[in-house]
Structures are given as structure tokens and as C-alpha cells.
Amino acid sequence: MFDTKTYSSEVNQALCDYLLRLADSSLILGHRLSEWCGHGPILEQDIAMSNLALDLIGQARNWYQLAAQQAGLGQTEDDLAYLRDAPQYRNVLLVEQPNGDFGQTVVRQFLFDAYHYYLLQELGQSADENIAAIAQKSLKEVTYHLKWSSEWVIRLGDGTEESQRRVQTALNNLWEFTGELTKPDQTDEILHAAGLVPDLRKIQADWQNRVQSVLNEATLQIPTRAWMQKGGKEGIHTEHLGYILTEMQFLQRAYPHCEW
Amino acid sequence: MFDTKTYSSEVNQALCDYLLRLADSSLILGHRLSEWCGHGPILEQDIAMSNLALDLIGQARNWYQLAAQQAGLGQTEDDLAYLRDAPQYRNVLLVEQPNGDFGQTVVRQFLFDAYHYYLLQELGQSADENIAAIAQKSLKEVTYHLKWSSEWVIRLGDGTEESQRRVQTALNNLWEFTGELTKPDQTDEILHAAGLVPDLRKIQADWQNRVQSVLNEATLQIPTRAWMQKGGKEGIHTEHLGYILTEMQFLQRAYPHCEW
Amino acid sequence: MMQTPDPQLQFDLKVADEQRIEPKDWMPEPYRRTLIRQISQHAHSEIVGMLPEGNWITRAPSLRRKAVLLAKVQDEAGHGLYLYSAAETLGASREQMIADLHSGKAKYSSIFNYPTLSWADMGAIGWLVDGAAIMNQVPLCRTSYGPYARAMVRICKEESFHQRQGYEIMMTLANGLKEQKDMAQDALNRWWWPVLMMFGPKDDESPNTAQSMQWKIKRFTNDELRQKFVDATVPQAEYLGLTIPDPDLKWNEARGHYDFGAINWDEFWEVVKGNGPCNRQRLEARQKAHAEGEWVREAALVYAKKREMRDER
Amino acid sequence: MMQTPDPQLQFDLKVADEQRIEPKDWMPEPYRRTLIRQISQHAHSEIVGMLPEGNWITRAPSLRRKAVLLAKVQDEAGHGLYLYSAAETLGASREQMIADLHSGKAKYSSIFNYPTLSWADMGAIGWLVDGAAIMNQVPLCRTSYGPYARAMVRICKEESFHQRQGYEIMMTLANGLKEQKDMAQDALNRWWWPVLMMFGPKDDESPNTAQSMQWKIKRFTNDELRQKFVDATVPQAEYLGLTIPDPDLKWNEARGHYDFGAINWDEFWEVVKGNGPCNRQRLEARQKAHAEGEWVREAALVYAKKREMRDER
């Protein structure tokens with residue numbers, strides 16, 4: 001249990017929303033990675049992806065627990081994960097995109113990790129001690145995630161012609177989902193003003209530099225396409241999320257009020 | 001509403017079970033076919049598969065309505081379809097197998113249709129008038145189903161080398177699920193003794209002849225493999241059914257007690 | 001000595017006289033090209049339009065709704081068939097039209113590049129998307145090209161049935177539990193603006209309208225149809241107890257029409273250019289179905305030839 | 001003049017003396033072949049065994065259970081790795097072992113050819129399948145080949161943790177609502193007999209047992225281990241309030257063991273021959289993962305070579 005602070009109702013509402021964004025993005029990406037379990041291209045990478053998934057699910061649990069306590073409605077982490085439908089989910093669109101081939105999974109992971117890394121670095125400095133503590137703990141894990149995904153982007157980008165074509169295609173297709181990662185909205189602004197979360201413009205610059213430098217080393221082209229999809233942070237998702245939740249929530253929905 | 005007969009509790013229980021088998025097999029096969037909608041290899045065949053699916057869903061509704069009334073527990077067709085989990089489902093294993101390519105869908109359809117056709121022909125003579133009436137109505141539809149699937153088995157079997165290879169593979173893979181179609185169990189025996197349903201041994205012979213003759217024309221080999229899977233009629237399914245129900249039942253499970 | 005009749009003059013007279021142009025009649029090349037483009041685009045819209053609704057067939061919340069939805073999507077496939085046939089009477093081949101769709105050369109209605117995110121979207125699409133389509137299509141029943149006009153008569157009949165079904169879904173949700181009503185409102189929020197864009201760009205940015213109206217392919221301008229749609233739909237939303245997501249929407253007594261807010265044309269053009277939420281997904285689904293069906297089409301062809309040869313012997 | 005020591009004699013003495021044979025030691029070819037077969041079969045079982053449990057990761061009913069299950073399946077992948085490495089010390093290549101699995105030449109434990117049909121199967125597999133595996137594996141910690149014995153020490157530690165987790169799932173279900181208890185009983189009904197078959201054919205139909213015991217690869221016969229398992233498991237089922245699906249099961253005071261009913265060996269041999277409910281599905285899943293990973297493995301190799309060349313410059 002956390003020793004939570006009391007905020008104005010406006011800040012508290014924004015905070016609960018923000019915590020769900022963090023939790024949902026980690027959970028959904030963890031879910032996608034867990035779909036690989038037993039089907040990876042190399043046994044060692046099967047294990048690596050399970051590691052990533054486990055870290056992300058663990059982080060999601062921390063954020064959900066904090067969100068539940070901050071909201072003060074007596075909900076549990078499982079209520080938040082299993083009893084909200086897609087329009088209540090706040091994850092970014094990027095993480096719900098299908099695994100595709102291993103290259104697409106790696107690119108999705110890298111684009112998210114680069115954002116996640118800088119975000120957690122800043123959240124580690126949050127004026128809210130609970131946020132800072134979870135972020136600092138998560139950052140250790142995500143530092144490894146970013147290393148893993150960067151290395152694979154480089155390896156596949158600078159590997160064979162086929163591998164380069166595959167990751168470049170994945171990059172082109174996923175690029176449109178990167179805009180909302182660092183585009184601030186009202187929730188971000190309110191919490192930044194309250195000193196709880198960073199200015200996303202700073203994250204945007206760091207993200208851009210890191211992505212640029214890894215893609216350069218990977219001999220990949222940054223897509224020039226400028227139009228960006230958005231909506232995840234407000235609950236307007238792609239068609240994929242519904243299927244994820246349908247599967248994830250089946251038991252809790254079919255057998256309500258059970259202990260598991 | 002049906003004007004239902006009263007049977008001994010043993011017969012009535014077997015009858016309810018039997019009606020669920022009929023309903024569940026039609027619904028699940030209809031569900032599988034409906035997955036093709038918008039993704040068929042030829043627009044005309046997309047439409048044809050939707051037709052088959054619509055017929056089967058319609059038949060399932062009739063059987064569910066009769067089952068619900070015969071059970072006398074005040075359930076609706078939707079309760080039976082949406083609120084039972086996999087172990088309560090009684091469909092044969094064949095119909096829950098994945099669509100695979102169009103060839104696999106066609107072979108699955110043909111193997112089921114040939115059984116369905118002869119079964120409905122006999123059920124049309126049932127001493128239970130409700131069963132007879134639904135069966136007679138369904139038989140008209142299934143006569144067309146069998147024509148459609150036989151023609152496609154022949155077309156693909158006697159088409160190109162690739163199409164023959166594909167349908168032969170599908171046939172080899174699906175063959176093990178045909179055993180339980182015509183293998184009588186206690187439910188079948190009780191109801192046959194009561195004059196309500198046919199002797200499956202007769203259906204077996206008719207099925208065998210029809211399948212043999214169509215496969216001959218299609219220049220396909222009947223698999224020699226003798227071991228047969230079973231369990232669907234008793235609620236022991238393959239891993240596929242859980243996923244089908246998870247998807248199919250999501251809304252009813254997530255939003256209970258709603259009118260739709 | 002008899003004069004050879006001027007075919008252009010005859011064509012113009014027929015059109016002016018509200019007679020139908022038929023496949024064997026002479027027609028100006030631009031008229032033919034415009035029709036092929038419009039009819040095939042319409043056919044593609046029916047086919048691509050199967051995907052967003054098809055997305056909910058396996059998840060429909062009752063067996064009755066499932067059957068109705070499946071039948072509806074099947075009707076759309078049927079509409080695609082009539083329309084491809086109508087375009088074929090103008091000398092286009094179905095294969096080429098489909099190739100143009102898959103290459104991105106041919107367009108389809110941008111509305112289908114939006115995702116279907118809840119069951120309420122099945123209601124909203126029937127009510128609003130089919131409603132807007134009918135506004136566009138009813139005048140097409142009197143369009144000057146005979147096969148197109150006849151296809152539209154049949155299509156409009158089915159579309160109006162679909163619209164009623166969609167509205168009925170919305171009604172059931174709006175009268176249901178709070179979660180259902182929220183679902184309905186959310187769907188309206190997401191579909192309203194894209195549906196208004198279905199009528200195409202503003203009249204002053206729609207250069208082909210004048211020619212199409214002269215040929216009596218088109219009977220009303222985009223803005224006229226859009227206004228008719230808004231006027232018809234606002235009372236329906238009120239009846240459902242749902243709020244149209246436009247703060248500028250209000251009745252204008254002087255005009256005898258509803259005024260409504262500014263449309264985000266940037267979004268419209270981005271979706272047209274391929275940047276909608278689902279453009280890639282929709283096109284990939286069609287391409288995949290086509291590619292994976294290649295062996296089936298080939299086998300059917302080879303078998304038909306074998307049969308023919310056997311029958312000759 | 002010193003005599004060259006007889007390597008066979010040295011080997012026999014070491015084994016008799018409970019010393020470990022190490023990779024660099026001389027060993028008889030049949031010993032090596034038997035070990036490669038057994039260790040690779042064990043490795044394959046870990047890898048194929050990921051699939052039935054992996055089937056429920058995305059559907060686990062709580063975040064905690066999801067994490068625990070994922071970690072468990074990951075452990076199995078890890079066990080596969082240690083075991084492939086142990087087999088490699090005998091001169092087998094991982095690539096070849098995997099090729100043999102995919103071609104059907106190498107076997108894996110038949111238990112994984114049964115489907116996981118409900119969440120309770122995650123409990124039953126942990127409790128019964130891992131329980132049976134531990135019975136088999138604990139003696140292998142003292143097996144005569146060093147690398148295999150050391151791998152087994154690590155594996156057994158983790159397996160016993162998995163077994164406790166599985167039993168805890170069963171306990172939660174058995175103490176839950178009626179639907180949950182039914183789910184648990186149903187899982188026990190389906191897994192009981194296949195688990196008894198995990199110990200292999202009856203002693204009088206297991207021709208390799210004698211030689212393996214002489215080499216101290218094996219320490220107990222199949223029937224001995226099966227009996228130990230039944231004796232250990234019956235009280236656990238009683239504690240859960242679940243019924244073992246065997247009407248012939250009863251305590252035999254004279255023997256000091258439980259008697260149990262006849263095993264359906266026809267089913268056992270059919271599953272071994274490839275006719276189990278999921279044989280094809282499991283093998284296809286592995287083949288598919290391997291085939292789809294080809295380009296990744298190749299790219300990693302090419303990249304490593306490029307790096308090496310750059311580093312040399």
C-alpha cells in the first residue's frame with residue numbers, strides 16, 4: 001500500500017487518468033509480448049521477450065495499485081485490468097498494434113522503449129514520491145529493454161537485405177503511432193504544472209535524438225510521413241484492442257465475483 | 001413456440017442434450033463460416049459462405065428454442081448460445097477446426113454436410129413432430145450446402161496440382177474428426193430406442209458411400225488413418241473452441257442483463 | 001439525301017429528355033470514363049465497406065443480431081456484384097477494377113477508413129453511414145445511365161432496410177442500461193463528422209460537379225445533400241436522446257435549415273490521401289484475400305476447362 | 001612396464017563408485033547415444049511443453065496469475081536451454097536435435113499432446129504433470145553423467161516450485177464457487193490417466209530399463225515411479241476434496257500402496273504414434289516458429305560477421 005498524497009480534485013482526476021495511461025500501456029505491450037511465448041524465432045529471444053513482458057506486467061501492477069489507491073474507490077489492480085472495456089483503456093495506440101513478424105515486434109518495442117526510458121527518467125524526479133519510486137524501479141528494467149530492442153533494430157536493419165526490408169516496412173507502418181507518445185494534452189499539462197510529470201516536449205527531443213541515432217546505425221530511413229494517428233490516451237483505439245481485451249478478460253467476465 | 005411433448009425424465013434429458021448437439025454444431029460451423037465474410041477468395045463464394053452461415057445460424061436458433069422449451073427452465077436461445085462455456089458445448093470437434101485456407105473450409109464443410117444431410121433426412125421422420133418439422137425445413141437448406149461443398153471438393157481436387165495438394169492435405173488433417181459424427185453413444189441409443197432419432201449406423205453407411213463417391217470424382221484419396229478423435233459430443237473439445245466462445249460471448253459476458 | 005444523325009446531339013437530347021443511355025448507345029468518352037470511375041468507386045466502397053461491419057459479426061450480442069448483421073454485410077457484397085456488372089457494361093473488366101483498387105489507383109468511400117470500436121458502431125453505421133449513402137443514392141436511381149440507375153433502385157431498397165436496422169440498434173442501446181447509452185453516444189461522437197464528410201468537398205472545391213450534373217449523373221450538389229442529411233438526422237438524434245457532437249448546431253429559422261459547425265477538411269484530405277486510421281489495414285485485408293484466393297480462382301478455371309474438354313469428347 | 005588402463009573398465013568402476021562421468025571422459029558409444037536420445041527428448045519436452053500452458057497466458061484470470069504462469073513457461077524455455085547444452089557436451093548439435101524434433105524422428109513427452117481446455121488445467125498441469133516429472137527427475141539429479149545431473153538439480157528446484165503453484169491454483173478453485181470446483185474436477189478427470197502414462201510402459205514392456213539402470217542413468221523402474229506418484233497424489237486429491245477418476249483406486253494394506261485401475265495402453269501407443277489430440281498441432285506450432293524465425297537467425301549471423309570484419313579493420 002502506498003502512502004498517497006491528497007491533491008485538488010482536478011489534479012487527482014488527471015493523475016488517476018495518467019496512471020491508467022502508464023499502466024494500460026505497460027499491460028497491453030506486455031500482453032502482446034506474451035503472445036510470443038513459445039513461438040519465438042530463437043529460444044534465447046523467446047526468453048528475452050518473456051522477460052520484457054514480465055517486467056511490463058509488473059510495472060502495470062504497480063501503476064494500477066497506485067491508481068486504485070489514488071482514486072479511492074476501493075478498486076483492485078484486477079478490477080482495473082479486467083473490468084474496463086476498450087473505451088476506458090488509456091494505452092497509446094502503438095502498443096496495441098499486432099506483433100507481425102519478429103521485426104515488427106522489435107521496432108514497436110524500440111519506438112516505445114525510447115519514449116518509456118526518457119519518460120521514466122523524468123518521472124523518477126516527480127514531486128510525488130510514489131510515482132518517483134515506481135519510475136525509478138521501472139527505469140532499471142526499461143534501460144535493459146531499450147538496450148535489447150536497440151540492438152535488435154541495428155542487427156536486423158544492418159543484417160540481410162530481407163531483414164532490412166522487413167524492419168524498414170515495420171518502421172514505415174508503425175511510425176504514424178509515435179506522434180501521440182510525446183504530444184501533450186490537458187492531462188499532461190495539468191500534471192506538469194503541478195510538478196508531478198515532465199514536459200513532454202523535452203521527452204520528444206530526447207526520443208527523437210535517440211531514435212535517429214539508432215536508426216542511423218541500423219542503416220534505416222526515418223519515415224518522412226508526417227500525419228500522426230492519435231486517440232489512445234483518450235480511449236479511442238484501433239480495432240485491435242477490442243480483441244486483446246476480449247481474450248484477456250474472458251474468465252473474469254464469464255465467472256464474475258470469483259477468487260482466482 | 002413449440003407444442004412440446006412430455007417424455008420420461010431419462011428421455012427428456014437425453015433429448016435436451018441431443019438438441020444442444022445439433023444446435024451447437026450448427027452455430028459453431030456458422031461462426032467459422034462467418035469469419036470468412038469479407039475475406040473470401042471470390043466475391044460470389046464470399047456470398048455463398050455467408051449464405052451457408054446464415055442457414056446454419058438459423059437452424060441453431062430453431063434447435064436452441066426447442067431445447068430451451070423442452071428443458072423447461074425458462075432459458076432463451078441466447079442464454080444457451082452465450083452463457084455456456086466450452087465444457088457445456090456439445091458440438092462435434094470437426095466444426096470447431098480452424099478455417100485454414102479455402103480448401104480446408106470446403107473439405108470441413110463437405111465432411112459435415114454429408115453427415116448433416118443424411119441425419120436431417122432421418123430426423124425428418126422423427127416421432128417428435130417438432131424435431132421432424134425443423135429437420136425437414138433444414139434439409140432443404142442442407143441439400144444446397146452439400147451440393148455446394150461437393151462441387152468445390154471436386155473442382156479443387158480435380159483442379160490444379162496445387163489445389164489437389166491443398167485439399168488432400170486438408171482431408172488428411174480433418175479425417176480424424178469424422179469418427180464421432182456417426183459413432184453412437186448412450187444419448188443416441190436412448191433416443192433411438194424411443195423412436196426420436198435414427199440409428200447412426202445407417203447414417204454411417206450413407207455418409208461413407210457419399211464421401212467415397214465424391215472423393216473419387218475429385219481424384220482424392222480417402223485417408224487410411226484409422227484412429228479417430230472424439231469428445232465433442234460430451235463437451236471435451238479441442239483448444240480452438242475456447243477462443244471461439246471467448247470472442248462470441250464477450251458482449252453478453254461484459255454487459256450482463258442487457259437487451260440488445 | 002438523309003443526313004447521318006450527329007451522335008453527340010442524339011445523346012444530349014436523350015439526356016435532356018430524361019431518357020436512359022444504354023450500353024449499346026453511343027456516348028461521349030468522358031461520360032463513359034466518369035461513369036466507370038464513379039461506379040467502380042461505388043462498387044469498391046461496398047466491398048471495402050464489408051470490413052468494418054464484418055469486424056463485429058463474430059461478436060454480435062444475440063443470435064438475431066448476428067444473423068441480421070451477417071445478412072447485411074452479405075447484401076453489401078451483392079451490391080458490389082451488381083455495380084461491378086454495371087461498370088462492365090461500359091467496357092471495364094472486374095479484374096482491372098480490382099487491380100486498381102489494390103494498387104491504390106481507384107478510391108473507395110473514406111468513411112470505411114474509420115474503425116468500428118464497439119457494438120454501437122453497427123447501429124451508427126446503419127443509421128448514419130447508410131443514411132448518408134441513401135441521400136446520395138436515391139437521386140442516382142434517376143441517373144442517366146440505365147444499368148447504373150437500375151442497380152441503384154435495387155440497392156436503395158436494401159439500404160433503406162439497413163438504415164432502419166441500424167436505427168433500431170441505436171434505439172435499443174439508447175433505451176438500455178447506462179453503459180449501453182454511453183456506448184451509443186460514443187459511437188455518435190466518433191461517426192458524426194466523418195459522415196458529414198461522406199458528401200464530399202464543399203461545392204466550390206468540387207470541380208466535377210457541374211459536368212456530372214449536366215450529364216444528369218448527379219442531381220444535387222455535395223452541399224445540398226449534406227444539408228438534407230443534417231436536417232433529416234437531427235430530429236432522429238433527438239428522438240434517441242443522444243447529443244450530436246457539434247456545439248454550433250442550431251435551427252436557422254430564416255434558412256429553414258439547421259446550421260452546423262465547420263468541418264475539419266484537413267482530416268478529410270488526409271484520409272483521402274491514405275492517412276486515415278484504417279486505410280492501410282483495409283487495403284491490406286483486401287489484398288490478402290485476393291492473393292490468398294489466387295490458387296482457388298486458378299483451380300476453378302482449370303477445372304472448368306477440363307470439364308469442357310471432357311464434354312466435347 | 002605400465003599397462004594402458006582399459007577405458008571400459010575405468011568407466012564401469014567410476015559408475016559403480018557413484019562418480020560422475022564428464023564430457024572429456026571416455027564413455028561407451030551406446031551410453032553416449034542413450035544419453036543424447038534421453039536428454040534431447042527431455043529438452044524437446046520442455047520446449048513443446050511451453051505450448052499447452054502458453055495457451056492460457058493471455059487468458060489468465062488475474063495479473064498475479066498471469067505473471068506467475070508466464071514466468072513458469074519461461075522457466076521451461078530455460079530448462080530446454082540447459083538440456084540442449086548438456087546434450088551438446090556429448091557432441092550433439094542443437095540444430096540437429098531441433099531438426100529431429102521437427103521431422104518427427106525425436107520424441108517428446110506425450111503428455112503435451114493433450115489439450116488445455118480451461119484455466120484449471122494450469123493447476124492440474126502444475127500439480128500432476130510437474131509432480132510426475134519431479135518423480136522422474138529427482139533420481140536423475142544423481143544420474144551418472146555429470147552435466148545432465150547438474151542440469152537436473154537446477155531444474156528440479158524450479159519444478160517443485162511450479163508444482164506448488166499448480167497445487168495452489170487447484171486449491172483456490174476447489175475452495176471457490178461451484179463452477180470453479182467443477183472446473184477443477186473436470187481438469188483432474190482429463191489429466192489423471194495421461195499423467196499415469198507419463199512414467200512410460202509397464203516394466204515388462206520397457207526393454208531399455210535394465211541397461212539404463214546398470215549405467216545408473218535411471219534409478220527406478222517405470223512402475224516403481226508410477227506407484228510412488230499415485231501414493232503421493234491420492235492424499236493431495238483428498239485434501240482438495242476432488243475425486244480421482246478411477247473406481248478401482250483403493251488403499252492396499254498388505255502392499256502398503258494404493259492399487260489402481262488398468263491403464264489404457266492402446267491410447268498411450270496411439271499418442272506415441274502421433275494420434276493424440278494435439279500431436280499435429282504441437283509439432284506444427286514448433287515448425288512454424290522455426291520456419292518463420294529463419295530470416296531472423298540468418299540476419300543475426302550476417303550481422304555478427306559484419307561486426308567481426310569491421311572490428312578487424
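Labels below follow one simple rule: chain letters A, B, ... track the order of the sequence lines, proteins then strands, and each chain is numbered from 1.
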Are there over 12 heavy-atom neighbours, none belonging to C:Glu238, within less than 6.0 Å of that residue's CD? yes
Exceeds 12 heavy-atom contacts within 6.0 angstrom, atom CG of B:Asp3: no
Quick check: closest heavy atoms across B:Val167 and B:Leu220, and the distance to 0.1 Å? CG2-CD2, 3.7 Å
For B:Asp46, is it the side chain, the backbone, both or neither that has a heavy atom under 4.5 Å from a heavy atom of chain C? side chain
Please check: side-chain N/O of B:Thr105 versus main-chain N/O of B:Asn99, any donor-acceptor pairing under 3.5 Å? yes
If one checks every heavy atom of B:Ala81 against chain C at 4.5 Å, the contacting part turns out to be side chain
At a heavy-atom separation under 4.5 Å, does B:Gln252 approach chain C through its side chain, its backbone, both, or neither? side chain
Toward chain B, the part of C:Ile98 with a non-hydrogen atom under 4.5 Å: neither
What part of B:Trp152 is in contact with chain C, defined as an atom under 4.5 angstrom from a non-hydrogen atom: side chain, backbone, both or neither? side chain
C:Arg64 versus chain B, the contacting section by heavy-atom distance below 4.5 Å: both
Among B:Arg166, B:Glu44, B:Glu162, B:Met49, the residue with the most heavy-atom pairs under 4.5 Å to chain C is B:Arg166
Answer with side chain, backbone, both or neither: which region of C:Arg59 has an atom nearer than 4.5 Å to a non-hydrogen atom of chain B? both
Walk me through whether B:Leu56 and B:Glu141 qualify under side-chain contact (heavy atoms from CB on, under 4.5 Å). CA-CA 9 Å; B:Leu56 289 164; B:Glu141 298 167 345; over 6 Å; no
State, to 0.1 Å, how close B:Gly159 and C:Lys306 come at their nearest heavy-atom pair, and which atoms those are. O-NZ, 2.9 Å
Part of C:Lys66 lying under 4.5 Å from any heavy atom of chain B: side chain
Determine, for C:Phe112 and C:Arg282, whether the Lys NZ or Arg CZ falls below 6.0 Å from the six-membered ring centre while staying within 45 degrees of the axis. no
What do you reckon, is CZ of C:Arg307 surrounded by more than 12 foreign heavy atoms closer than 6.0 Å? no
More than 12 heavy atoms of other residues, nucleotides or ligands under 6.0 Å from CD of C:Glu284: is that the case? yes
Side chain from CB out, backbone as N, CA, C, O: work out which of these in C:Leu177 comes under 4.5 Å of a heavy atom of chain B, or both, or neither. side chain
Leading residue by heavy atom contact count with chain B [cutoff under 4.5 Å; candidates C:Met50, C:Arg286, C:Arg94, C:Met183]: C:Arg94
Chain B heavy atoms under 4.5 Å from C:Leu63: which part of the residue, side chain, backbone, both or neither? both
Considering only heavy atoms, which portion of C:Glu298 lies under 4.5 Å from any heavy atom of chain B: side chain, backbone, both, or neither? both
Heaviest contributor of heavy-atom pairs below 4.5 Å to chain B, chosen from C:Gly49, C:Ala300, C:Ala60, C:Pro61, is C:Pro61
Quick one: of C:Glu76, C:Arg310, C:Glu292, who has the most non-hydrogen atom pairs under 4.5 Å with chain B? C:Arg310
Most contact-rich option vs chain C, by heavy-atom pairs under 4.5 angstrom, among B:Thr160, B:Thr76, B:Ile57, is B:Thr160
How are the rings of C:Tyr167 and C:Tyr239 set to each other: parallel, tilted or perpendicular (split at 30° and 60°)? parallel
Tell me, side chain or backbone of B:Ile154 under 4.5 Å from chain C's heavy atoms, or both, or neither? both
Could you tell me whether C:Phe161 atom CZ has more than 12 heavy atoms of other residues or ligands within 6.0 Å of it? no
Any idea which of C:Glu179, C:Lys305, C:Arg297 has the most non-hydrogen atom pairs under 4.5 angstrom with chain B? C:Arg297
Contact class of B:Phe102 relative to chain C, heavy atoms under 4.5 angstrom: both
Within a reach of under 6.0 Å around CZ of B:Arg165, are more than 12 heavy atoms found that belong to other residues, nucleotides or ligands? yes
